[in-house]
Amino acid sequence: WLCLGFQSSSCFYVVMWKQVTQTYWEEKPSKAHGYAGVSLKVVNSTTGRGEHLRNALWHTGNTLGQVRTLWHDPKNIGWKDYTAYRWHLIHRPKTGFIRVVVHEGKQLMSDSGPIYDKTLAGGRLGLFVFSQEALYFSDLKYECRDN
């Protein structure tokens with residue numbers, strides 16, 4: 001749902017939230033099985049856009065030469081239709097610190113805790129949608145706190 005540290009369509013971090021556990025229907029070039037829940041992944045694709053990266057993004061786990069999963073919420077809680085969520089993402093490129101927190105109202109849904117990865121040293125921030133329809137984002141804010 002969120003893309004950070006974006007340097008190119010082959011090189012970025014992504015926060016994804018799958019609604020349900022499912023296997024991608026195109027088994028080639030690799031079988032892709034995604035588990036419900038929030039994931040943080042680093043994309044460093046040797047092929048770039050296309051079916052290899054598509055299946056690697058869908059998959060919960062690592063795909064050599066494409067995607068490495070840094071964290072997947074072990075609670076495997078999927079998102080609900082017609083439900084608003086609040087996201088809080090912290091990324092400190094200098095230290096590699098990343099943390100993702102998701103709330104539904106006052107209820108904590110998911111918290112990655114501190115994750116450290118220095119694969120990418122900054123980049124653009126944006127939205128990421130893969131296989132969702134009628135998705136709405138609102139009240140988006142960002143700030144850079146580094147000097």
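Since this is a predicted model, take the numbers as computed values, not measurements.
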How about CZ on Arg86, more than 12 heavy atoms from neighbouring residues, nucleotides or ligands closer than 6.0 Å, or not?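 Counting neighbours around CZ of Arg86, more than 12 heavy atoms of other residues, nucleotides or ligands fall under 6.0 Å, so yes.
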Surrounding NZ of Lys31 (heavy atoms of other residues, nucleotides or ligands, distance under 6.0 Å), is the total greater than 12?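 No, NZ of Lys31 has 12 or fewer neighbouring heavy atoms, counting only those of other groups under 6.0 Å.
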State, yes or no, whether a side-chain contact exists between [X] and [Y] at a heavy-atom distance under 4.5 Å.
X      : Y      : result
Leu40  : Ser112 : no
His103 : Met109 : no
His91  : Leu125 : no
Trp79  : Val102 : no
Ile77  : Ser110 : no

Side-chain donor or acceptor of [X] paired with backbone N/O of [Y] under 3.5 Å:
X     : Y     : result
Lys41 : Leu57 : yes
Ser39 : His72 : no
Trp58 : Gln22 : yes
Thr69 : Gly61 : yes
His33 : His59 : no

Trace of the salt bridge (Lys or Arg N to Asp or Glu O under 4.0 Å) decision for Arg54 with Glu26: CA-CA 10 Å; Arg54 174 201 65 203; Glu26 293 287 334; 5.0 Å; no
Single-linkage hydrophobic cluster [X]~[Y], side-chain heavy atoms < 4.5 angstrom:
X      : Y     : answer
Val15  : Leu70 : yes
Val129 : Leu4  : yes
Tyr24  : Leu64 : no
Phe128 : Val67 : yes
Leu127 : Trp87 : yes

Check the angle between the aromatic planes of Trp17 and Tyr85 and answer parallel, tilted or perpendicular using the 30° and 60° thresholds.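 Perpendicular: the ring planes of Trp17 and Tyr85 meet at over 60°.
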Identify the heavy atoms of [X] and [Y] that sit nearest to each other, and give their distance.
X      : Y      : value
Lys28  : Asn55  : O-ND2, 3.6 Å
Gly5   : Leu120 : O-CD1, 3.6 Å
Val101 : Leu108 : CG1-CD1, 3.6 Å
Ala121 : Pro93  : C-CB, 3.9 Å
Gly48  : Ser10  : CA-OG, 3.1 Å
Gln66  : Thr46  : NE2-OG1, 3.9 Å

Rounded to the nearest 0.5 Å, what separation is found between the [atom1] atom of [X] and the [atom2] atom of [Y]?
X     : Y     : atom1 : atom2 : value
Tyr35 : Asp73 : OH    : CG    : 14.5 Å
Tyr13 : Leu89 : OH    : CG    : 11.5 Å
Asn62 : Arg68 : CG    : CZ    : 7.5 Å
Phe12 : Asn44 : CZ    : CG    : 10.5 Å
Leu53 : Thr63 : CG    : OG1   : 9.5 Å
Lys18 : Asn76 : NZ    : CG    : 11.5 Å

